[in-house]
There are 4 protein chains.
Amino acid sequence: MPDGEDKLVGEFPFFPKQERAQQKRKALIDSGYALFNSKGYDLTTAKEIASHAGVATGTFYRYFSDKRQLLLSLLEDKLENFLPPEPSWIAGDPETVLISLLETHYKRLEEVGLHRVLPELIAKDPELADVLGKARRKIHESITSGLQQAQEQGLTWSDMDVDTLSWAIMVLVENGPDKENQCGRKIDCKEMASLICRMVFPPEVLKQLRKQEIEIQE
Amino acid sequence: MPDGEDKLVGEFPFFPKQERAQQKRKALIDSGYALFNSKGYDLTTAKEIASHAGVATGTFYRYFSDKRQLLLSLLEDKLENFLPPEPSWIAGDPETVLISLLETHYKRLEEVGLHRVLPELIAKDPELADVLGKARRKIHESITSGLQQAQEQGLTWSDMDVDTLSWAIMVLVENGPDKENQCGRKIDCKEMASLICRMVFPPEVLKQLRKQEIEIQE
Amino acid sequence: MPDGEDKLVGEFPFFPKQERAQQKRKALIDSGYALFNSKGYDLTTAKEIASHAGVATGTFYRYFSDKRQLLLSLLEDKLENFLPPEPSWIAGDPETVLISLLETHYKRLEEVGLHRVLPELIAKDPELADVLGKARRKIHESITSGLQQAQEQGLTWSDMDVDTLSWAIMVLVENGPDKENQCGRKIDCKEMASLICRMVFPPEVLKQLRKQEIEIQE
Amino acid sequence: MPDGEDKLVGEFPFFPKQERAQQKRKALIDSGYALFNSKGYDLTTAKEIASHAGVATGTFYRYFSDKRQLLLSLLEDKLENFLPPEPSWIAGDPETVLISLLETHYKRLEEVGLHRVLPELIAKDPELADVLGKARRKIHESITSGLQQAQEQGLTWSDMDVDTLSWAIMVLVENGPDKENQCGRKIDCKEMASLICRMVFPPEVLKQLRKQEIEIQE
DNA sequence: AATGAATGAGCGTTCATTCAT
DNA sequence: AATGAATGAACGCTCATTCAT
């Protein structure tokens with residue numbers, strides 16, 4: 001039987017094998033994501049993930065070499081979401097900019113969710129730790145370069161250490177409002193933004209930048 | 001007959017029961033500590049700990065009800081070491097004070113070592129997470145009250161939010177130089193102290209405090 | 001292409017999944033049965049049962065939640081076989097009736113075999129003891145009511161205590177010829193029947209009933 | 001140092017080594033007995049028995065080669081108590097004699113208590129089963145010979161099978177009032193005695209024997 | 001003789017992974 | 001390509017027994 005006839009029969013609705021496979025892969029990733037988040041990595045079994053995805057146990061291993069690999073796939077495309085976005089410091093009132101940046105970031109983090117299992121994993125998967133470390137280093141660099149620009153324009157504290165500062169910003173953002181076991185009070189994005197601004201800009205610069213902002217709006 | 005000879009005959013090797021038991025317990029704790037640190041909590045089995053300590057599996061269970069209990073014993077007297085010390089803000093140059101405080105803290109942390117497995121544990125042992133959470137909340141409170149005092153004396157930024165600030169200080173200290181997966185550069189205690197001071201004190205106050213310090217020294 | 005050829009090619013060896021699973025389950029049950037009988041319940045481990053059945057340890061747990069459950073499956077449909085049948089006292093010569101009843105019962109018991117482990121189990125599984133106890137109570141009741149009928153028809157000893165008697169019959173039957181550790185001689189069904197009859201009927205009634213039997217046959 | 005001096009010092013209160021050892025042995029046996037009865041043989045550990053007896057674990061193994069041996073010692077001197085006493089059939093009213101015999105027996109059984117763990121043990125200790133079997137056979141013989149004597153004196157049913165009968169008596173007594181999982185009603189010694197008498201003696205003989213009894217009393 | 005800490009084989013059970021269908 | 005039954009190593013833990021003191 002020629003190919004053509006086959007196609008004519010089955011074409012519409014039509015899923016090429018690749019696509020169907022991609023769908024299954026997607027289902028597995030989604031299930032892994034859901035289960036890792038709700039029960040933790042260790043307590044989730046490959047069998048569970050498969051059955052939650054509506055496929056057989058063995059199928060899991062057609063798409064992923066093992067449980068760990070699924071996790072890595074999971075992180076792959078969501079990795080950047082775990083990390084704070086690169087702020088742009090000089091376009092308008094930095095505080096306002098930061099606030100919206102932070103709010104967006106935390107909303108995404110909450111959506112991604114996976115951040116709750118990461119500590120468990122990093123502790124026992126050095127490779128994963130490495131992957132994450134690299135990503136963080138990239139973010140760190142981008143924050144650093146942003147700060148450097150601002151510093152070159154004379155906007156920041158003159159004696160500021162760019163590296164330390166960008167590390168501090170990163171750490172603060174990463175340990176922001178969502179982290180569990182926090183110290184009672186929920187951290188507020190507005191206060192956080194204000195704090196970060198104080199670390200970067202002297203008060204008079206901040207006032208200046210804020211005024212510009214208003215002028216631009218007008 | 002001199003003491004020395006006596007010792008040579010009957011005393012050495014001589015360990016009263018209790019002491020021998022304590023030695024074994026110690027060996028197990030040490031092995032647990034070493035293995036938890038090197039392989040992570042999960043990947044360490046009770047059998048391994050026992051054999052690393054040079055005792056049989058069953059012996060492990062004479063001293064500890066299970067792996068978790070050994071861990072708790074491990075943490076028990078070291079818990080406060082994981083947490084940053086309470087800074088005193090107004091006695092002299094805050095930056096100098098902070099630097100020595102931080103250095104001491106990180107030295108202790110490095111000694112304790114266990115901090116590397118904590119994230120993994122917190123993730124899967126809610127009780128432990130709770131214990132740690134409480135301790136952190138206490139530290140948070142003490143930082144807050146210190147800041148409040150300083151604020152009442154007009155030493156700090158007037159528009160500073162004490163809660164947010166003490167949270168930030170805590171987070172920064174906890175994620176300090178030692179944390180793995182850091183962003184390339186090692187964080188320096190001096191820079192960190194300087195950053196924290198900037199978050200708390202306006203530059204002129206800081207200068208003032210520093211001067212007082214010098215005067216006192218003279 | 002005729003069916004026959006098709007069969008020869010694809011069907012043998014062919015076992016639908018279900019059937020294969022059932023076979024394995026069967027093999028496990030059989031192995032459990034054999035090992036329980038030969039070594040006793042306690043001394044038989046799940047691992048042994050599995051390897052005796054030619055499957056891996058884990059396979060055992062696919063089919064049974066644990067050793068006890070396998071046992072219960074073993075008993076499930078055989079329970080009634082452990083217990084004596086309800087005799088019918090007035091249809092013909094009671095002795096003949098009893099003999100065949102007893103013989104059937106003991107043959108079945110021997111087939112079931114499991115009765116040899118029951119005492120051990122009852123001793124340590126209160127739930128099972130309860131199940132068995134209930135079944136015995138039912139049998140006891142049915143024997144009692146049969147005796148009562150006979151008594152009402154004036155066939156039995158007039159001063160007979162129905163309860164005690166039915167208990168005695170039950171106990172005798174249960175501890176019949178097959179029981180281990182017996183006192184040397186094997187108990188004979190004929191003699192047993194004769195003894196039970198003597199406990200129930202006065203000699204003259206027995207003679208009468210026997211005569212009727214003959215008349216009916218004629 | 002001569003023996004004499006030793007004695008003078010230690011003599012009163014004086015326990016020769018043997019006696020002290022015997023005391024410990026006794027304590028262990030008692031503890032084993034108590035614990036076996038309350039928790040069952042399997043669930044009782046050697047350590048428990050030792051500590052219940054107030055001695056060290058190791059001491060247990062000085063007196064008994066293992067747990068099983070303690071059990072056997074336990075049975076040794078109590079064995080005959082598990083088994084029904086040999087009735088004497090011709091001295092007076094057999095029913096009265098039997099009743100008191102049975103009552104004594106069951107009281108003793110209750111005291112011995114151990115009968116509750118026996119089934120568990122017999123199932124998995126063939127040697128023990130053998131020991132018990134032998135004892136039972138002895139009792140069986142003695143009952144048989146008693147019945148034989150009575151039969152020779154023409155006191156019993158003439159067509160009675162002595163073997164079967166003595167087996168029946170034994171079984172009934174052994175499964176008497178105390179057995180667990182019984183059929184609701186408690187069995188009464190009086191009724192039991194009456195039943196046994198009916199199995200042995202024709203009514204008129206029984207009446208006769210009872211009359212003699214009265215005459216003897218007068 | 002007595003101690004009780006130490007032993008380690010072995011239990012029941014789980015689950016990542018394989019493989020016959 | 002998909003299935004899911006089967007695998008078996010490894011886990012945490014117990015306890016009868018040994019042995020150094």
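So that the names make sense, note that chain A is the first sequence line, chain B the second, and so on, each numbered from 1.
Base pairing annotation: E/dT14 forms a Watson-Crick or G-U wobble pair with F/dA9, both donor-acceptor distances under 3.5 Å. Using the Watson-Crick or G-U wobble rule with both distances under 3.5 Å, F/dA1 pairs with nothing in any strand shown.
Atoms CZ (C/Phe64) and C1' (E/dT14) sit 18 Å apart, rounded to a whole Å. Rounded to whole Å, the distance from CG on B/Leu28 to C1' on F/dC13 is 15 Å. Between D/Gln69 atom CD and F/dA16 atom P there is a gap of 15 Å when expressed in whole angstrom units. Summarising the geometry, the separation between CZ on A/Arg62 and C1' on E/dA20 is reported as 14 Å, rounded to the nearest angstrom. If you measure from atom CG of B/Leu43 to atom P of F/dA10, you get 14 Å, rounded to the nearest angstrom. Put simply, NZ on C/Lys39 is 8 Å from P on E/dC11, counting in whole angstrom units. When the C1' atom of E/dT14 is taken as reference, atom NZ of A/Lys67 falls 12 Å away, rounded to whole Å. Rounded to whole Å, atom P of F/dC15 lies 12 Å from atom OH of D/Tyr61.
Between C/Thr59 and F/dA5 there is no side-chain N or O to OP1 or OP2 distance below 4.0 Å. Dashed line: the shortest gap from a side-chain N or O of D/Lys24 to OP1 or OP2 of E/dA2 is under 4.0 Å. Listed pair D/Lys47 / F/dC15 fails the phosphate criterion, with no side-chain N or O lying under 4.0 Å from OP1 or OP2. B/Tyr63 has a side-chain polar atom (N or O) that falls below the 4.0 Å cut-off from OP1 or OP2 of E/dA6.
Nearer the 5' end of DNA chain F, as judged by each residue's closest nucleotide, is the contact made by B/Thr57, out of D/Thr57 and B/Thr57. Residue A/Gly54 is the one, among B/Glu48 and A/Gly54, whose nearest nucleotide of DNA chain F lies closer to the 5' end (criterion: closest heavy atom).
Heavy atoms of D/Thr45 sit under 4.0 angstrom from primed sugar atoms or phosphate atoms, though from no base atom.
Put simply, OG1 on C/Thr57 and CD1 on C/Ile49 are 11.0 Å apart, with the number rounded to the nearest 0.5 Å.
Taking the centre and axis of the six-membered ring of C/Tyr41, the NZ or CZ atom of C/Lys67 falls inside the cone set by 45° and 6.0 Å.
Candidate nucleotides E/dA16, F/dT17, F/dT7 were compared by shortest atom distance to the side chain of D/Ala46, and F/dT17 ranks first.
The pair B/Glu127-B/Arg68 meets the salt-bridge criterion, since a charged nitrogen lies less than 4.0 angstrom from a carboxylate oxygen.
For A/Ala56 against A/Ala50, the heavy-atom pair with the smallest separation is O-CB, 3.6 Å. In terms of heavy atoms, B/Tyr61 sits closest to B/Ala46 at OH-CB, 3.5 Å.
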